[in-house]
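Remarks on the structure that follows.
Just so it is clear: chains get the letters A, B, ... in the order the sequence lines come, proteins before strands, and each one is counted from 1. Remember, it's a predicted structure, so these values are computed and weren't measured experimentally.
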2 protein chains.
Amino acid sequence: MAAADRKEREKEQRKNAIINAAEKLFFSNGFGNVSMEEIAKEVELGKGTLYLYFKSKDSLFFAIISRRWEEFGETMIEKMNHGKNGFEKIQIMIKWFIEYSQKNPEYNDMATTFGPQLFQRIDPEDARMMMELSMKYMPLVHYAIREGIKDGSIRNDLDPALLGMYIQMITFNVVSPNPSIKNSFAAQGISYDTYVEMLPKFLCPSIARLPEKECNSKDEIFQR
Amino acid sequence: MAAADRKEREKEQRKNAIINAAEKLFFSNGFGNVSMEEIAKEVELGKGTLYLYFKSKDSLFFAIISRRWEEFGETMIEKMNHGKNGFEKIQIMIKWFIEYSQKNPEYNDMATTFGPQLFQRIDPEDARMMMELSMKYMPLVHYAIREGIKDGSIRNDLDPALLGMYIQMITFNVVSPNPSIKNSFAAQGISYDTYVEMLPKFLCPSIARLPEKECNSKDEIFQR
DNA sequence: CCTTATAATGACCGGTAGTCATATGTTGGT
DNA sequence: ACCAACATATGACTACCGGTCATTATAAGG
């Protein structure tokens, strides 16, 4: 049955075409300002057709997010392999976060602006999908931290899972700050770039095992 | 003209009654699931009347937020005065963040879930209001950090404003994590309480000037 | 007591997510 | 070549909501 295969492929292509259209529109106009009608028009389909491929507008959002996470995660795996010890691997991860956010500012904006609300009302099926994705990449961080604890490059007085969550949460929120934080940059006389680039220097002492001055030298890896 | 005064007072009372009603409903059902009709019903007014007192539903949100910020900030001023050096003042601030979030979980949830989107599309007038509020309380943090740098309790290799932003951003995001982060607690086998309570231990080395071990003793102030 | 200003109202408008009866291919058997 | 049966596509329709505005009710003051 080659026909069934072809249909399957076509269906997958359609799905991707819809995601592409939605992504493009969400990025340029914001999730909240794009209607399903507009997305349908962009892919040259009827509105109802979208609902054959995605359960809701929210689901479309999560399809975009998950495609991005996958892309981000796969590259992270490759990059982290080059770290020579646990601490370096974490540094590489942080660098990759920064690099990715700088290369994809629209994605980041969308995710931080609308993510909280949409994750809160996420439906069980999408929740499972997102959970699987994070289960796929979280272990990487844990391994790196455990490795760092063993090789003496990372502090050993905190649960590795906990340390991993702090690092990821902080990095994520620095590279893609809430609109409310963003607003206060100007008032503080701080540029977003400085805020991002100084993160390693700020955060290093809370991650590394080494005393302060060595830590400062160690974070030179962050400077280009 | 006592009548004019009375009218003014009554107007202020109405305004507050509306905020109260909105807060109650937003907290229990979520900003997105409460209609202006329902709020009007709760205060026993017509829907149109709400728009005599608030420009939009979003403005109602910011009225709630600003009332809370004021309350939070005023208490923060009092509490921080009791710190004996810059570092202690920052510790007190972090503790107060934690305490306030634990006492007002619904407020925190609402703010983190809907804040990003609403801050993004905030109208100029509300933006000015919120900006004034943060200008009122941000200096506190700066003074504390500068004091800490002078008295040797806080690291001196970072711009105080920058350090302040990191600390506030991190503390805020720990005490009121995004729904997406919240989801992963279970997967990581970490409790929210641990996550919050270990924050000082994690963060201290990045703030204090002292070498690691002294820092650890210093953060005993965090333990109850 | 009546005129005028102020406050309150809810029917109405425009716009949107999601549904569903209908229409339009597509396939596979005869 | 033809015809069921099945899959796919559609856009009119529904329900709902934020915000407006012509109209009504209330209060003030002369």
Side-chain angles (χ1 to χ4, degrees), chain A residues 1-19 21-22 25-26 29-64 110 114 117-118 120-126, chain B residues 1-19 21-22 25-26 29-64 110 114 117-118 120-126:
Chain A
M1 287 277 189
D5 277 8
R6 199 203 60 208
K7 276 227 167 168
E8 199 58 38
R9 266 202 327 274
E10 278 178 358
K11 196 155 183 167
E12 211 52 42
Q13 280 173 1
R14 266 250 195 288
K15 224 171 159 172
N16 254 295
I18 294 171
I19 297 177
L25 292 172
F26 288 166
N29 302 342
F31 179 83
N33 297 319
V34 176
S35 71
M36 290 301 266
E37 282 279 356
E38 291 175 87
I39 297 169
K41 209 165 194 177
E42 177 78 23
V43 274
E44 294 173 298
L45 289 170
K47 177 161 76 136
T49 311
L50 298 189
Y51 288 89
L52 297 178
Y53 294 90
F54 296 94
K55 209 167 45 239
S56 65
K57 193 184 174 190
D58 285 15
S59 269
L60 211 33
F61 175 88
F62 288 111
I64 293 169
M110 185 192 71
F114 296 96
Q117 190 185 353
L118 301 186
Q120 198 219 24
R121 64 182 196 215
I122 191 170
D123 86 290
E125 202 173 317
D126 286 334
Chain B
M1 285 274 189
D5 278 7
R6 200 205 58 208
K7 277 228 167 168
E8 199 59 38
R9 266 203 327 275
E10 278 179 355
K11 198 157 183 167
E12 211 53 43
Q13 280 173 0
R14 267 249 193 289
K15 223 171 161 171
N16 254 296
I18 294 171
I19 296 177
L25 292 172
F26 289 166
N29 302 342
F31 179 83
N33 298 318
V34 176
S35 70
M36 291 300 268
E37 282 278 356
E38 290 175 89
I39 298 169
K41 208 165 195 177
E42 177 77 23
V43 274
E44 293 172 300
L45 289 171
K47 178 162 74 138
T49 311
L50 299 189
Y51 288 90
L52 297 178
Y53 294 90
F54 296 94
K55 206 167 45 240
S56 64
K57 194 185 174 189
D58 285 15
S59 270
L60 210 32
F61 174 87
F62 288 111
I64 294 169
M110 186 193 71
F114 296 96
Q117 192 186 352
L118 301 186
Q120 198 220 22
R121 63 181 197 216
I122 192 171
D123 87 289
E125 203 173 317
D126 286 334

Pair up each side-chain donor or acceptor in residues 34-47 of chain B with any protein partner under 3.5 Å, not counting sequence neighbours, and list the distances.
from: S35(B); atom 1: OG; to: E38(B); atom 2: N; distance (Å): 3.2
from: S35(B); atom 1: OG; to: E38(B); atom 2: OE2; distance (Å): 3.3
from: E38(B); atom 1: OE2; to: S35(B); atom 2: N; distance (Å): 2.9
from: E42(B); atom 1: OE2; to: K24(B); atom 2: NZ; distance (Å): 2.9

- Item | Test: K57(A) cationic atom under 6.0 Å from F31(A) six-membered ring centre, within 45° of axis | yes

- Whole-Å distance between dA5(C) P and K11(B) NZ? 17 Å

- Atom-to-atom span, NZ of K57(B) to P of dT20(D) - whole angstrom: 15 Å

- Note on the structure: Scanning both residues in full, the closest heavy-atom pair of F62(A) with L118(A) reads CZ-O, 3.4 Å

- Task: Check the distance between dA17(C)'s C1' and L25(A)'s CG and give it to me in whole angstrom.
- Result: 16 Å

- Note on the structure: In short, Y53(A) meets K15(A) closest at the heavy-atom pair O-CE, 3.8 Å

- For the pair made of CG in L60(B) and C1' in dG18(D), what is the distance, rounded to whole Å? 12 Å

- Give the rounded distance in Å between these two atoms: CG of D123(A) and P of dA17(C). 17 Å

- Looking at F54(B) and A63(B), what are the two nearest heavy atoms and their distance? CE2-CB, 3.7 Å

- Roughly how many Å is it from CD in E10(A) to C1' in dG25(C), rounded to a whole number? 12 Å

- Message: Nearest to the side chain of Y53(A), heavy atoms from C-beta on, is which of dG19(D), dA8(C), dA9(D)?
- Response: dA9(D)

- Note on the structure: The correct set of residues in residues 29-46 of chain B placing a heavy atom under 4.0 Å from DNA chain C is L45(B), G46(B)

- Apply the test side chain to side chain contact (heavy atoms under 4.5 Å, CB included) to residues N33(A) and R121(B): give CA-CA distance (whole Å), side-chain angles for both, the deciding distance (0.1 Å), then the verdict. CA-CA 11 Å; N33(A) 297 319; R121(B) 63 181 197 216; over 6 Å; no

- Nearest whole angstrom, please: distance from the C1' of dA17(C) to the CG of L50(A). 11 Å

Atom pairs, protein N/O to nucleotides 19-24 of chain C N/O, distance under 3.5 Å:
none

- Flag the pair S56(B) / D123(B) as yes when at least one side-chain heavy-atom distance between them is below 4.5 Å, and no otherwise. no

- Message: With a sphere of 6.0 Å drawn around NZ of K55(B), does it hold more than 12 non-hydrogen atoms of other residues, nucleotides or ligands?
- Response: yes

- Is the phosphate of dA7(C), meaning OP1 or OP2, less than 4.0 Å from a side-chain N or O of R14(B)? no

- Would you mind classifying the nucleic acid contact of F54(A) as base, sugar-phosphate or nothing, using non-hydrogen atoms under 4.0 angstrom? nothing

- Item | Donor-acceptor contact present, side-chain D126(B) to main-chain I122(B), <3.5 Å | no

